[in-house]
There are 2 protein chains.
Amino acid sequence: MNSKIVTKEQYISVIKPFLIQLQQYFCDVFELEDGIAKFLKDEWHYHGGGGGITRVLKDGPIIEKAGVNFSHVKGTSLPIAATQKRPELTNLPFEALGVSVVVHPRNPYIPTAHFNVRFIIVGDDESNYKWWFGGGFDLTPYYVFEEDCIHWHKMAQAACAPFGDSLYQEYKEWADQYFYLKHRGEARGIGGLFFDDLNKWEFDHCFEFMKSVSQYFMLAYQPIIAKRKFESYSERERAFQLYRRGRYVEFNLLYDRGTLFGLQSGGRTESILMSLPPLVAWEYQPDIYSEEAVLVEYLKARNWV
Amino acid sequence: MNSKIVTKEQYISVIKPFLIQLQQYFCDVFELEDGIAKFLKDEWHYHGGGGGITRVLKDGPIIEKAGVNFSHVKGTSLPIAATQKRPELTNLPFEALGVSVVVHPRNPYIPTAHFNVRFIIVGDDESNYKWWFGGGFDLTPYYVFEEDCIHWHKMAQAACAPFGDSLYQEYKEWADQYFYLKHRGEARGIGGLFFDDLNKWEFDHCFEFMKSVSQYFMLAYQPIIAKRKFESYSERERAFQLYRRGRYVEFNLLYDRGTLFGLQSGGRTESILMSLPPLVAWEYQPDIYSEEAVLVEYLKARNWV
């Protein structure tokens with residue numbers, strides 16, 4: 001690739017095959033780790049143009065539910081969730097391509113993980129379009145193994161290292177800010193990376209960063225699944241996991257930009273909400289779980305590497 | 001009561017004892033219907049002034065979880081959820097008093113029910129305050145018994161009848177509009193009554209309407225609990241109930257004005273989110289439930305009386 005790329009179609013022709021291959025790779029790894037369950041595949045079309053491929057694995061012995069979604073949607077105007085900070089882009093046509101992943105393992109000792117990369121291009125002709133990249137990954141443990149958290153963040157750091165000395169710190173802090181439940185005064189998990197509006201480099205370099213984040217996500221997560229999947233647990237840990245999964249639902253429906261973007265743009269509801277956990281419990285008086293105070297303390301933003 | 005009532009304190013001194021007694025009455029009835037479980041009681045204080053009494057029953061043989069919340073909160077400015085349509089009320093002190101009820105029965109043949117009444121008074125001195133009433137009740141069945149739906153709406157109609165011929169129809173339609181999940185293209189349930197900004201009558205008359213809605217809620221719901229609580233059910237109906245409870249969570253976190261008002265005003269999170277069901281399942285590919293098509297068709301807005 002080089003700077004001769006100028007049309008929207010050319011940008012997309014580079015991004016799209018990468019994302020489709022990435023989706024397949026992720027599914028392969030999760031099937032391997034689960035050992036039994038397989039991803040189903042649903043192709044769908046978006047009312048404004050484009051569509052997506054939704055892949056869902058459920059009821060595996062290791063992975064209770066995983067969604068790996070590819071989408072390429074087109075529309076005549078960006079939804080509110082995407083234009084709050086960019087009012088000048090209202091009422092312009094857009095295309096959005098992305099892969100998003102959420103994994104809800106069965107074993108409470110394996111954290112839930114989330115990954116997303118996306119490319120958005122807005123504008124109505126070739127002279128005035130704008131594009132940017134966004135994405136990241138974050139981890140939501142139920143029980144904290146410090147070594148796992150350090151590994152996760154070391155991989156996040158490694159993903160960023162070739163792109164600038166301060167990048168990891170910047171995007172790590174963004175994740176800490178973003179994955180925060182204001183109404184609970186709690187972090188969703190231990191964070192990782194979060195970036196948006198990325199267009200400060202040339203397209204090629206931004207795309208390399210998307211690839212790096214994508215590859216390091218699996219280097220961060222797969223070893224944790226492999227290491228924790230045979231930990232034994234009891235009904236108590238399971239109950240605590242179901243209870244804490246409630247926080248995940250609260251975050252996604254109250255705050256998550258991707259979820260709100262999707263629902264506001266008339267996206268495919270089943271694909272957007274496949275991020276929600278398979279089974280969740282809400283209880284009044286959470287203080288019955290002594291683990292909670294320990295966990296919440298651990299989740300406070302800190303330097304892991 | 002008469003029109004001599006002029007201070008905020010006098011309005012509140014009339015509303016508050018009624019609401020506190022109402023809360024106790026509701027708890028009594030639900031304990032009676034359950035037969036075993038009892039409500040716990042938590043009193044709490046609000047940072048801006050006032051506070052509330054949260055009462056929660058859980059793990060009963062009939063009622064899996066019920067919350068009956070009284071609150072009287074004060075603040076220096078109304079949160080966004082309450083002022084979107086009233087920008088002139090921004091940055092004025094407010095007091096809000098209300099009782100809200102959510103009941104999640106264990107038996108999938110008993111619908112989930114929700115009730116709320118509230119009184120809000122805004123303004124900084126006695127000459128320029130504004131007050132209004134809001135509230136209503138709505139029913140969310142998992143399996144539809146037409147006679148129960150007709151009974152529910154007949155009680156809603158009876159609550160409104162003394163206050164004007166068109167009132168039931170108006171507030172019934174408002175409920176149909178309000179309890180609607182846009183991203184699903186589905187009604188939350190069969191509705192009932194919804195009203196807000198009510199100040200078209202004198203205070204006393206508005207308050208009488210609040211009382212009527214409160215009394216008819218129990219006349220609407222209690223007979224349905226009593227009638228359906230001994231219906232036998234299998235794992236299949238239970239799974240469908242857990243799955244459909246997901247819609248309830250989606251509505252409350254994405255759309256519900258009371259929930260968003262509470263969370264935005266820094267309310268007591270545990271009391272606000274006690275409306276969420278005790279156990280919920282999200283599944284991709286809901287079409288495995290043949291009941292769903294039947295249910296969703298039934299939930300389409302219609303004339304029940």
Side-chain angles (χ1 to χ4, degrees), chain A residues 39-42 54-59 64-69 79 102 104 181-186 239 242-243 245-256 259-288, chain B residues 39-42 54-59 64-69 79 102 104 181-186 239 242-243 245-256 259-288:
Chain A
F39 279 89
L40 64 83
K41 185 176 186 170
D42 264 355
T54 291
R55 304 208 54 188
V56 177
L57 175 153
K58 63 178 193 171
D59 296 334
E64 196 173 337
K65 181 180 178 186
V68 181
N69 200 27
V102 175
H104 293 287
L181 289 84
K182 283 193 282 289
H183 66 294
R184 296 283 190 183
E186 280 176 22
L242 297 191
Y243 163 74
R245 280 177 175 174
R247 300 292 205 273
Y248 212 82
V249 177
E250 291 172 23
F251 182 84
N252 281 15
L253 297 182
L254 288 172
Y255 303 114
D256 186 59
T259 303
L260 299 177
F261 176 101
L263 297 178
Q264 286 171 8
S265 60
R268 186 173 184 259
T269 298
E270 281 301 310
S271 299
I272 297 161
L273 296 185
M274 76 182 182
S275 64
L276 299 180
L279 195 65
V280 186
W282 272 276
E283 286 172 43
Y284 183 77
Q285 283 204 316
D287 46 58
I288 52 171
Chain B
F39 279 89
L40 65 83
K41 184 175 187 171
D42 263 354
T54 291
R55 304 208 53 188
V56 177
L57 175 154
K58 63 178 193 173
D59 297 334
E64 196 173 337
K65 182 180 177 186
V68 180
N69 200 27
V102 176
H104 293 288
L181 290 84
K182 283 193 282 290
H183 66 293
R184 296 283 189 183
E186 280 175 24
L242 297 190
Y243 162 75
R245 280 177 174 174
R247 299 292 204 274
Y248 213 82
V249 177
E250 291 171 24
F251 182 85
N252 281 13
L253 297 181
L254 288 171
Y255 303 113
D256 186 60
T259 303
L260 300 176
F261 176 101
L263 297 176
Q264 286 172 7
S265 59
R268 186 171 184 259
T269 298
E270 281 301 310
S271 298
I272 299 161
L273 296 184
M274 76 182 182
S275 64
L276 299 179
L279 195 65
V280 186
W282 272 276
E283 287 172 42
Y284 183 78
Q285 282 203 318
D287 46 57
I288 53 172

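Chain A is the first sequence line, chain B the second, and so forth, proteins listed ahead of strands; every chain is numbered from 1. The figures that follow rest on heavy atoms only: side chains count, while hydrogens, waters and symmetry mates do not.
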Short side-chain to backbone donor-acceptor contact, A:Thr269 and B:His183, under 3.5 Å: yes
Least distance between heavy atoms, A:Leu254 atom then B:Leu253 atom: CD2-O, 3.2 Å
Side-chain heavy-atom pair A:Glu250, B:Leu263 within 4.5 angstrom cut-off: no
Interface moiety of B:Val56 toward chain A, non-hydrogen atoms closer than 4.5 Å: side chain
A:Glu270 vs B:Arg184 side-chain heavy atoms within contact, under 4.5 Å: yes
CH2-NE2 distance between A:Trp282 and B:His104, expressed to the nearest 0.5 angstrom: 10.0 Å
B:Tyr284 versus A:Lys58, closest heavy-atom pair with distance: O-NZ, 4.1 Å
Under 4.5 Å from any heavy atom of chain A - which part of B:Ile272: neither
Greatest number of heavy atom pairs closer than 4.5 Å to chain B - which of A:Gly266, A:Ala281, A:Pro277, A:Pro278: A:Pro278
Euclidean distance, B:Leu279 CG relative to A:Leu242 CG, rounded to 0.5 Å: 7.0 Å
